[in-house]
Amino acid sequence: MMAVKLTGIQQMTVTEDEKPDISGDDDVLIRLKSIGVCGSDVHYYLDGRIGSQVVHYPFVVGHECSGFVEKCGSGVDRVVPGDLTVIDPSVHCGQCDQCLAGRPHTCRNNRFLGCPGQIAGCLTEYIVMPSSACFPVTGRLDAEEAALVEPLSIGIYAVRLAGICGSDTKTAILGVGPIGLSILMKLLADGILSAGIIEPLNYRLEKALQIGAAWGLNPAGCEVPEEVLKMEPCLLDVVFEASGDQEAVDTALKIVKPGGKLVLVGIPPLAKYVFDMDLMRRKEITVINVRRQNHCVEEAIEMVASGKIDVKRMVTHRFPLDKTPAAFDMVARYRDNVIKAMICL
Ligand SMILES: [Zn+2]
Ligand SMILES: [Zn+2]
């Protein structure tokens, strides 16, 4: 089968690998149909690492995917061969304190699809996953929507953690890549129509405004805190940081109101931020960290299946599997107004 591997910094090769097979009672063999190129995959491509997670070459990345079930172990009852399935890339042990506390996403023994040293990723034709990772959506979603459930579930989780009460809550999102757009779409689906966008790429700003953002500011062209103050003299209740950028964090602290919340979703490439503690302390800002998602896959499926969220609006480009290197190059360089690139098998 075809597999696409990282072989060095900014190096990627299309190779032939042996097709995997199920070995345990709980295994599911999946023929992949749609794969999303994620910002984190591109971090691994560009830097060979994210924080303490270091790639040992060659390695297959990719974790946003859907496919058709081809074969199941004897103990599998969640899916049957032929099902289209959403794949939750996070595999947990079910036994540690975190799992028992309902936090499988911070499982002590968590293994994640396409994460170096854990599970080889999905930029390939077939993968084997435990049945708990499979969420059948036959007849409800198409393959591309099913692959987009993963990033959408992170946006949904970020909004859930923010604990927003009241549709008049004032919010903003810094950075509208796929995760920022997922947050926006979830807020809008929940009737929170006040969400503003701060984004340095005009084409992304325009996309967010088309989808329904209340306002958009490009930090390259204005003083964001001043402009926000003009629109919202009391400043904002909840600010989502979805870019991983230090400057965005600095801006976020300035536009959140006293007693407000800063929700950190973006991944800082160098693993560290500097916070203005004077501002944080005086305003008594609550900082919420978002680790992937927890129990939001079902809601993401429901939101897409019911038509409340048209998750495909974030997709700008589609590539066949053997053109994955071109897709990564495009996303890494923000070429051709790319937002979400999908690999179609
Ligand atoms: Zn992702
Ligand atoms: Zn666990």
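Quick note: numbers below take in every heavy atom, side chains included, and nothing from hydrogens, waters or symmetry partners. Since this is a predicted model, take the numbers as computed values, not measurements. Indexing begins at 1, ligand by ligand and atom by atom, following the structure's order. The residues of the chain are indexed from 1 along the displayed sequence.
- Our summary of the site lists the angle at the Zn ion (ligand 2) between SG of Cys96 and SG of Cys99 as 110°, to the nearest 10 degrees.
- Side-chain N/O atoms of Asp41 and His63 include a donor and acceptor closer than 3.5 Å.
- For Glu70 and Lys19, the salt-bridge test passes: some basic side-chain N is under 4.0 Å from an acidic carboxylate O.
- Atom OE2 is the N/O/S atom of Glu64 found closest to the Zn ion (ligand 1).
- A salt bridge links Arg335 with Asp329: the distance from a Lys NZ or Arg NE/NH1/NH2 to an Asp or Glu carboxylate oxygen falls below 4.0 Å.
- With respect to the salt-bridge test (charged N to carboxylate O, under 4.0 angstrom), the residues Asp83 and Arg78 do not qualify.
- Residue Asp41 does not count as close to the Zn ion (ligand 1), with no N, O or S atom under 2.8 Å.
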